[in-house]
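Shown next, in structure tokens, is the structure this report addresses.
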Amino acid sequence: MSSSLRRLTRCAVLTALALALSVAEGLVPLTILFPLPGLRLGLANLVTVYALCRLSGREALLILAARCLLAPAGGNLMALAFSLTGGLLALGVMALLLRCSFLSLFGVSIAGAAAHNTGQILAAMAVLGSRAPLVYLPPLLLCSLVTGAVTGGASMLLVHRIPLPGDIKS
């Protein structure tokens with residue numbers, strides 16, 4: 001199999017996994033623990049972190065964009081705007097922080113969760129034409145410490161224990 005076909009297949013499988021994780025986490029409401037509407041754990045971020053660490057920034061961006069565009073948002077353009085804005089800001093922040101040798105994936109993931117929440121608030125401000133959504137940012141940033149820590153711990157396990165398909169010896 002050619003390397004470009006292998007890369008395309010790998011990205012397609014990771015996109016499908018990110019979509020499945022996104023749908024699955026939608027079935028488990030975090031509002032029981034944190035009474036903030038729309039709060040999610042961010043399990044699809046596991047795929048983004050894995051792609052950033054084991055593939056390339058370009059492939060991580062393609063996987064993220066495909067997941068956001070294909071996610072069952074019910075045709076809601078505002079949900080797409082929030083998802084893309086948060087996801088792109090998180091991806092950029094994590095890509096930059098992965099270059100810092102003093103940060104673990106744990107810290108990178110927490111920063112990514114905070115960036116994602118910040119991006120969503122920025123999108124809400126743009127859509128509403130108001131600064132009112134800023135009130136929602138402090139509790140979201142506190143929650144990002146918890147959600148980022150959970151996904152960061154899982155990311156550390158995934159990146160260090162799951163090899164690339166080309167690395168597996170038959």
Task: side-chain contact (heavy atoms from CB on, under 4.5 Å) between Asn45 and Met94, worked out - done: CA-CA 10 Å; Asn45 190 47; Met94 290 188 301; 3.1 Å; yes
How about [X] and [Y]: do any of their side-chain heavy atoms sit closer than 4.5 Å?
{"X": "Leu55", "Y": "Leu14", "value": "yes"}
{"X": "Leu98", "Y": "Leu105", "value": "yes"}
{"X": "Leu141", "Y": "Thr118", "value": "yes"}
{"X": "Val13", "Y": "Leu17", "value": "no"}

Open item on the list: With rounding to the nearest 0.5 angstrom, report the CG to CG distance, Leu52 to Leu64.
Closed with: 9.0 Å
Task: Atom pair CZ (Arg67) and CG (Leu21), whose distance is rounded to the nearest 0.5 Å - done: 9.5 Å
Over all atoms of both residues, closest heavy-atom pair of [X] and [Y]:
{"X": "Ala149", "Y": "Ile110", "answer": "N-CG1, 3.5 Å"}
{"X": "Ser144", "Y": "Thr147", "answer": "CA-OG1, 3.3 Å"}
{"X": "Pro133", "Y": "Ile121", "answer": "O-CD1, 3.5 Å"}
{"X": "Leu91", "Y": "Ala60", "answer": "CD1-CB, 3.9 Å"}
{"X": "Ala115", "Y": "Ala90", "answer": "CB-CA, 3.8 Å"}
{"X": "Tyr50", "Y": "Leu158", "answer": "CE1-O, 4.0 Å"}

Is there a continuous path of hydrophobic side-chain contacts, each under 4.5 Å between heavy atoms, that joins [X] to [Y]?
{"X": "Leu41", "Y": "Leu145", "result": "yes"}
{"X": "Leu142", "Y": "Val93", "result": "yes"}
{"X": "Phe106", "Y": "Phe102", "result": "yes"}
{"X": "Leu157", "Y": "Val146", "result": "no"}
{"X": "Val150", "Y": "Leu27", "result": "no"}

Task: Counterpart residues, side-chain contact (heavy atoms from CB on, under 4.5 Å), relative to Cys11 (two or more places apart) - done: Glu59, Ile63
TODO: Look only at the side chain of Ser22 and the backbone of Ala18, and say whether a donor-acceptor pair between them is shorter than 3.5 Å.
DONE: no
TODO: In sequence, state the C-alpha distance, the side-chain angles, and the governing distance for Leu88 and Leu61, and then conclude on side-chain contact (heavy atoms from CB on, under 4.5 Å).
DONE: CA-CA 8 Å; Leu88 290 173; Leu61 174 62; 3.4 Å; yes
Open item on the list: Strictly by side-chain hydrogen bond (donor to acceptor under 3.5 Å, both in side chains), give each pair with a member in residues 103-114 just once, sequence neighbours left out.
Closed with: Ser109-Thr151
TODO: Identify, with sequence neighbours excluded, every residue that meets salt bridge (charged side-chain N to carboxylate O under 4.0 Å, His left out) alongside Arg58.
DONE: none
